[in-house]
Amino acid sequence: MTDESALAATPVLAGRYTDASITDKIADIVLVRPAHWGWVAGAFVSGALAILFLVAVSWLFIDGVGIWGVDQPVAWAFAITNFVWWVGIGHAGTFISAFLLLLRQRWRTSVNRFAEAMTIFAVAMAGLMPILHLGRPWFFYWLIPYPDIMNVWPQWRSPLIWDIFAIGTYIIVSLLFWYMGLIADLATLRDAAKKRWQRVVYGLLALGWRGDARHWARFDSAYLLMAGLATPLVISVHSVVSLDFAIGNTPGWHSTIFPPYFVAGALFSGFAMAITLAVPMRRVFHLEAFITERHLDNMAKLMLVCCFIVTYSYLVEIFMAYYSADPFAIAMVENRMGGPYAGVYWAVVLCNVVVPQSLWWAGVRARPVALFAIAIVVNIGMWLERFMIIVTSLNRDFLPSAWHIYVPTFWDFATLLGSIGLFVLLFLGFLRVLPAISIAEMRKLARDVGAER
């Protein structure tokens with residue numbers, strides 16, 4: 001079955017849902033339907049983890065980064081691992097929304113809205129991590145180039161400065177792109193709301209949208225322009241993040257393959273997280289008619305493509321180490337495979353290379369529970385990959401006298417788990433106050449397919 005015929009076969013696009021019923025089905029989650037017990041349970045667990053994150057950050061402010069296991073030579077560990085991981089997760093939302101829009105892929109309509117929200121919350125988590133790692137995070141604004149009487153400017157050769165520009169640009173463009181796509185749906189919520197405060201709030205956010213031809217013409221032009229602006233960020237942002245490592249002469253970091261390697265890994269983890277969120281969301285809110293198995297199948301195929309690029313990068317990294325005959329690069333590879341963190345390396349191979357091969361089978365891709373389990377494994381594997389790149393390259397440097405084994409503390413794990421909890425809590429809050437699926441785009445898609453038939 002082709003992608004177009006599969007779309008036409010879904011309940012929404014086969015004529016079973018009208019414009020009004022599509023609106024009611026999606027808007028009722030926000031305006032009418034009471035909180036599902038699954039949503040409440042998720043909010044309780046994620047809320048508890050978010051409190052743990054606040055406690056961990058508060059204690060970090062009080063006692064300093066010494067509460068973590070970082071030391072010399074392993075000065076980067078969980079915080080920077082979390083940073084790279086969260087930035088990567090944020091890439092799938094921009095890819096689905098912007099890149100697939102430019103390619104005129106209709107299946108993006110059902111998944112782009114919540115994927116965009118995932119991007120914003122993930123990038124917000126990512127932005128916190130380098131700030132917390134500064135040692136004096138309350139002076140984070142020193143990284144921003146602003147005029148002052150002492151003419152002290154940031155160090156432009158520092159990766160921290162590159163990160164602040166990359167992350168700042170990415171989150172601003174992502175927010176604008178997300179909000180622009182929401183305007184028509186905010187007007188729909190304004191018109192459908194029964195409570196006065198909802199009409200006022202959604203009315204203000206809708207910016208006077210009335211849905212006339214002039215509004216739609218300007219929206220289509222601006223939305224396409226924003227998609228064209230956002231698409232290069234998928235490549236540029238994580239390329240900048242990869243250069244944080246590639247500019248150093250540390251064995252395992254100094255490699256020209258890092259930019260494409262990191263971008264593929266970012267999309268890999270991003271699609272895995274999108275599936276992780278989509279599967280329970282469609283079940284809890286009964287959105288199977290909108291987010292069909294075909295949508296999950298497409299995301300799984302894209303995840304499989306990214307898996308092969310990441311696997312190729314692993315092999316190239318090993319090949320280049322031996323081909324270069326650099327004893328330090330060779331020692332790094334052998335240290336990863338058989339050193340003190342060998343378990344992490346082989347877990348990365350299992351999670352990111354072996355397990356995703358099951359996506360070759362259509363029967364696996366057709367089972368949401370199986371996809372959910374595979375996506376969880378990939379998310380774990382991608383976090384371990386970032387940990388492997390950072391810690392195993394630092395713990396054994398050029399001088400054996402400087403070698404040191406990094407051991408994470410309770411506060412390292414609390415920061416990681418707490419950031420995951422805060423991310424999930426923000427996403428659950430989004431599901432209750434804004435439409436998780438674009439109402440306007442879904443209605444337009446249903447009309448277009450109906451006209452073609």
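Note that the structure is predicted; figures quoted are calculated from it, not measured.
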Open item on the list: Apply side chain to side chain contact (heavy atoms under 4.5 Å, CB included) to residues Phe328 and Arg396 and explain how you reach the verdict.
Closed with: CA-CA 10 Å; Phe328 299 105; Arg396 289 189 176 179; over 6 Å; no

TODO: Decide yes or no on side chain to side chain contact (heavy atoms under 4.5 Å, CB included) for Val241 and Trp162, but give the supporting numbers first.
DONE: CA-CA 8 Å; Val241 172; Trp162 308 346; over 6 Å; no

Under 3.5 Å donor-acceptor pairs involving side-chain atoms of residues 261-283, not counting sequence neighbours:
from	atom 1	to	atom 2	distance (Å)
Ser269	OG	Gly265	O	3.2
Ser269	OG	Ala266	O	3.0
Thr276	OG1	Ala272	O	2.7
Thr276	OG1	Asn379	ND2	3.2
Arg282	NE	Ile291	O	2.7
Arg282	NH2	Ile291	O	3.0

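- Heavy atoms only, all atoms of each residue included: Pro368 and Glu293 are closest at CD-OE2, 4.3 Å.
- Checked against a 6.0 Å centroid threshold, the rings of Trp86 and Phe423 count as neighbours.
- The heavy-atom pair separating Val173 from Ala230 by the smallest distance is CG1-CB, 3.9 Å.
- Note that CG of Leu287 and CZ of Phe114 are 9.5 Å apart. Values are rounded to the nearest 0.5 Å.
- Distance alone, capped at 3.5 Å, is enough to place a donor-acceptor pair between the Arg33 side chain and the Phe285 backbone.
- Here the shortest heavy-atom pairing between Pro435 and Val30 reads N-CG2, 3.9 Å.
- By the 30° and 60° cut-offs, the orientation of the rings of Trp178 relative to Phe430 is tilted.
- Put simply, the side chain of Thr250 never gets that close to the backbone of Trp253: no donor and acceptor are under 3.5 Å apart.
- In this structure the side chain of Glu441 never reaches within 4.5 angstrom of the side chain of Ser110, judged on heavy atoms.
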Let me have the donor-acceptor pairs involving side chains of residues 122-137, under 3.5 Å, with sequence neighbours excluded, atom names and distances please.
from	atom 1	to	atom 2	distance (Å)
His133	NE2	Ala75	O	3.1

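- Within the 4.5 Å cutoff, the side chain of Gln72 has no heavy atoms near those of the His404 side chain.
- No option in Arg294, Glu288, His295 other than His295 meets the side chain to side chain donor-acceptor pair (under 3.5 Å) test with Thr292.
- In this structure, Gln357 contributes its side chain and Val353 its backbone to a donor-acceptor pair below 3.5 Å.
- Below 30°, between 30° and 60°, or above 60°: for Trp383 and Phe78 the angle between ring planes is above 60°, a perpendicular geometry.
- Here the CG-SG distance, from Asn352 to Cys307, works out to 7.5 Å after rounding to the nearest 0.5 Å.
- Within the model, atoms CG of Leu49 and OG of Ser419 stand 9.5 Å from one another, a figure rounded to the nearest 0.5 Å.
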- [ ] Apply the test side chain to side chain contact (heavy atoms under 4.5 Å, CB included) to residues Trp107 and Leu100: give CA-CA distance (whole Å), side-chain angles for both, the deciding distance (0.1 Å), then the verdict.
- [x] CA-CA 9 Å; Trp107 67 269; Leu100 296 184; 3.4 Å; yes

Open item on the list: Using side chain to side chain donor-acceptor pair (under 3.5 Å), reason through Thr188 and Asp185 one step at a time and then give a plain yes or no.
Closed with: CA-CA 5 Å; Thr188 300; Asp185 287 359; 4.7 Å; no

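- Ring to ring, Trp59 and Trp68 are not that close: their centroids are 6.0 angstrom or more apart.
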Task: Worked check of side chain to side chain donor-acceptor pair (under 3.5 Å) between Tyr322 and Glu334 - done: CA-CA 10 Å; Tyr322 284 96; Glu334 294 177 349; 3.3 Å; yes

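- The aromatic rings of Phe61 and Trp138 are tilted relative to each other, their planes meeting at an angle between 30° and 60°.
- The ring of Phe308 has its center closer than 6.0 angstrom to the ring center of Trp360.
- Within 6.0 Å of OH in Tyr323 there are 12 or fewer heavy atoms belonging to other residues, nucleotides or ligands.
- Within the 4.5 Å cutoff, side-chain heavy atoms of Leu31 are placed close to those of Tyr202.
- The two residues Leu189 and Val433 have their closest heavy-atom pair at CD1-O, 4.4 Å.
- Taking CG of Leu143 as the reference point, atom CZ of Phe165 lies at 10.0 Å (rounded to 0.5 Å).
- Just one of Glu116, Met118, Met299 meets the side-chain contact (heavy atoms from CB on, under 4.5 Å) condition when paired with Ile96; it is Met299.
- Judged purely by atom type and a 3.5 angstrom limit, Gln155 uses its side chain to pair as donor or acceptor with the backbone of Arg157.
- Of the N and O atoms on the side chains of Tyr170 and Ser236, not one donor lies less than 3.5 Å from an acceptor on the other residue.
- Minimum interatomic distance between Ala206 and Arg190 (heavy atoms only, all atoms of both residues): CB-NH1, 4.0 Å.
- With contacts defined as side-chain heavy-atom distances shorter than 4.5 Å, the pair Ile437/Met442 qualifies.
- Arg386 contributes atom CZ, which lies 9.0 Å from atom CH2 of Trp85 (distance to the nearest 0.5 angstrom).
- Judged by distance alone, with hydrogens and angles left aside, the side-chain atoms of Ser324 form a donor-acceptor pair with the main-chain N or O of Ala321 at under 3.5 Å.
- Side chain of Arg108 to main chain of Ser97: a donor-acceptor pair is present (N/O by atom type, distance under 3.5 Å, no hydrogens or angles).
- In this structure, Thr231 contributes its side chain and Gly228 its backbone to no donor-acceptor pair below 3.5 Å.
- For Asp412 against Thr409, the heavy-atom pair with the smallest separation is OD2-N, 2.8 Å.
- Each of Ser242, Ser239, Ser313 was scored for a side-chain contact (heavy atoms from CB on, under 4.5 Å) with Phe258, with one residue passing: Ser242.
- Panel note: side chain Arg365, backbone Leu359; a donor-acceptor pair is recorded below 3.5 Å.
- Classification of the Tyr406-Phe387 ring pair by plane angle, with boundaries at 30° and 60°, yields tilted.
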- [ ] Assess whether side chain to side chain contact (heavy atoms under 4.5 Å, CB included) is satisfied between Phe177 and Leu229, documenting all intermediate values.
- [x] CA-CA 9 Å; Phe177 191 55; Leu229 181 63; over 6 Å; no

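- A search for salt bridge (charged side-chain N to carboxylate O under 4.0 Å, His left out) contacts involving Asp163 returns nothing, not counting sequence neighbours.
- Between the Trp39 side chain and the Leu428 main chain, a donor and an acceptor come within less than 3.5 Å of each other.
- Annotation: the span from Ile51 atom CD1 to Leu422 atom CG amounts to 11.0 Å, rounded to 0.5 Å.
- A perpendicular orientation is assigned to the rings of His286 and His36, their planes being inclined by more than 60° (bins at 30° and 60°).
- Looking only at distances, no side-chain donor or acceptor of Thr169 sits under 3.5 Å from a matching main-chain atom of Ala166.
- Taking the centre of each ring, Tyr341 and Trp346 stay at or above the 6.0 Å mark.
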